[in-house]
Amino acid sequence: MSDDFTTDDFIWQLKHSPDPDERLYAAFKLGRDKQAIVIQPLIDASDDAESVVRVRVAEALGTREETELVLPTLLKLITDEDAIVRRTAADSIGHLGDSAGVSGLHTALKDSDASVRSHAAEALGEIASDDSANALVEAFLYDDDYNVRYFAKQSLGKVGRVAVDALIEVVSKTNDSDLLIEICEILGNLADSRSKPTLQSLAAHDDEHVSEMASWAIKRIWD
């Protein structure tokens, strides 16, 4: 396909071409076009019959600065029938960084597809909203997929004070050494002084690995 085509040509193809490959390429090109005129055609293409086109649309909308215009469409795509569309929408919502997208990512944390859940967990770290702490703690503790737990753990290190409260509560209810080690790592990354008493208690834990990680976390806070 010729790159001599204009923006209007690609808009027409995305809307009207019967060839899925042409619509896919048009979505690709329009996704790299920063003119405001391409936003509505991309939004309209979120209903394309081909999932690969919807994936490209979800990716493109995540690069826009017009968050208020594109976020509703991404929140629709995060419930798409295709898992690749859903996880791409989760990525794009994270890239936008708008707290208005948090509720959709919380929904995606419950998705039947583990890859969607892991992308949602990672995206919540990009937005870093206090409102995500409890949902991320639940995913970190209970999800049966390693990647989901990993990204939930990473994101908990970014979401702030509410995560500290939730994690301290977990510490009070468990003596699982592996879990305590991971919680100490998160608390160290958050570096919130409110966790010092809990970490000081864990620094005296019978398991030397828990004790070492708690000591590391305390040093992170004091430094």
Side-chain angles (χ1 to χ4, degrees), residues 1-128 132 139 143 145-148 150-152 154-155:
M1 187 176 296
S2 173
D3 280 343
D4 292 334
F5 283 10
T6 66
T7 297
D8 287 339
D9 292 331
F10 288 122
I11 289 174
W12 187 93
Q13 285 185 332
L14 184 58
K15 287 184 175 181
H16 302 296
S17 175
D19 185 340
D21 288 337
E22 287 188 353
R23 299 199 306 275
L24 177 62
Y25 186 69
F28 170 80
K29 295 296 288 187
L30 294 177
R32 282 147 183 78
D33 189 327
K34 296 307 177 184
Q35 297 181 79
I37 193 175
V38 307
I39 297 175
Q40 192 58 52
L42 286 167
I43 289 173
D44 293 341
S46 66
D47 291 324
D48 196 280
E50 296 294 328
S51 63
V52 289
V53 177
R54 301 196 303 275
V55 168
R56 189 63 68 197
V57 167
E59 181 183 70
L61 294 179
T63 68
R64 302 300 310 193
E65 296 180 355
E66 301 87 349
T67 302
E68 290 186 2
L69 290 177
V70 303
L71 186 55
T73 300
L74 288 170
L75 290 172
K76 179 189 75 172
L77 289 172
I78 210 169
T79 63
D80 193 89
E81 64 183 9
D82 186 274
I84 300 176
V85 176
R86 298 197 301 274
R87 74 188 190 209
T88 305
D91 290 340
S92 288
I93 291 171
H95 295 333
L96 292 179
D98 192 312
S99 60
V102 164
S103 61
L105 293 173
H106 287 177
T107 298
L109 270 182
K110 303 291 186 180
D111 198 277
S112 60
D113 187 282
S115 70
V116 176
R117 300 197 305 274
S118 65
H119 281 247
E122 184 176 19
L124 285 168
E126 294 189 60
I127 297 176
S132 298
D143 199 282
D145 184 83
Y146 171 81
N147 287 327
V148 179
Y150 172 81
F151 284 114
Q154 298 303 308
S155 291

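Screening I37, I11, I39 against L30 for a side-chain contact (heavy atoms from CB on, under 4.5 Å) leaves a single residue, I11.
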**Request:** Output, in order, the C-alpha distance, side-chain angles, deciding distance and verdict of side chain to side chain donor-acceptor pair (under 3.5 Å) for D33 and T7.
**Result:** CA-CA 8 Å; D33 189 327; T7 297; 2.6 Å; yes
**Request:** Output, in order, the C-alpha distance, side-chain angles, deciding distance and verdict of side chain to side chain contact (heavy atoms under 4.5 Å, CB included) for T88 and H119.
**Result:** CA-CA 8 Å; T88 305; H119 281 247; over 6 Å; no
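Side-chain atoms of S118 come within 3.5 Å of backbone atoms of S115 as a donor-acceptor pair (strictly under, hydrogens ignored). Distance alone, capped at 3.5 Å, is enough to place a donor-acceptor pair between the T107 side chain and the S103 backbone. Here the side chain of S92 pairs no donor or acceptor atom with the backbone of L61 at under 3.5 angstrom.
When side chains are defined from C-beta on, F5 does not count as touching K29, because their heavy atoms never get closer than 4.5 Å. Looking at L14 and L42, their side chains come closer than 4.5 Å, going by heavy atoms from C-beta outward. E126 is listed as a side-chain neighbour of H95, based on a closest heavy-atom distance under 4.5 Å.
Note that the CD1 atom of I93 and the CD1 atom of I78 stand 4.0 Å from one another [nearest 0.5 Å]. Atom CG of L105 and atom CG of L124 lie 4.5 Å apart (nearest 0.5 Å). Here E22 contributes atom CD and F10 contributes atom CZ; the two are 10.0 Å apart, rounded to the nearest 0.5 Å. Distance check, rounded to the nearest 0.5 Å: CG of L69 to CD of Q40 gives 8.0 Å. The distance from atom CZ of R56 to atom OH of Y25, rounded to the nearest 0.5 Å, is 11.0 Å. The CG atom of L74 sits 8.5 Å away from the CD1 atom of I43 when rounded to the nearest 0.5 Å.
With hydrogens and angles left out, the side-chain atoms of T6 and D9 include a donor and acceptor closer than 3.5 Å.
Minimum interatomic distance between S155 and A121 (heavy atoms only, all atoms of both residues): OG-O, 2.6 Å. The nearest pair of heavy atoms linking V38 to R64 is CG2-NH1, 3.5 Å. Taking every heavy atom of both residues into account, I127 and G97 meet most closely at CG1-CA, 3.9 Å. The nearest pair of heavy atoms linking A139 to L109 is CB-CD2, 4.2 Å. Nearest heavy-atom pair, A83 versus V116, reported as atom, atom and distance to 0.1 Å: O-CG2, 3.5 Å. Here the closest heavy-atom approach between residue L77 and residue A58 is recorded as CD1-CB, 3.8 Å.
Using a cut-off of 4.0 Å between Lys/Arg side-chain N and Asp/Glu carboxylate O, R23 and D48 are scored as salt-bridged. Contact check on R54 versus D80 returns a salt bridge, with a Lys/Arg side-chain nitrogen under 4.0 Å from an Asp/Glu carboxylate oxygen. By the 4.0 Å N-to-carboxylate-O rule, R117 lies close enough to D143 to be salt-bridged with it. Between D111 and R86, at least one side-chain nitrogen of the basic residue sits less than 4.0 Å from a carboxylate oxygen of the acidic one, meeting the salt-bridge criterion.
Ring pair W12/H16 is tilted by interplanar angle, where 30° to 60° counts as tilted.
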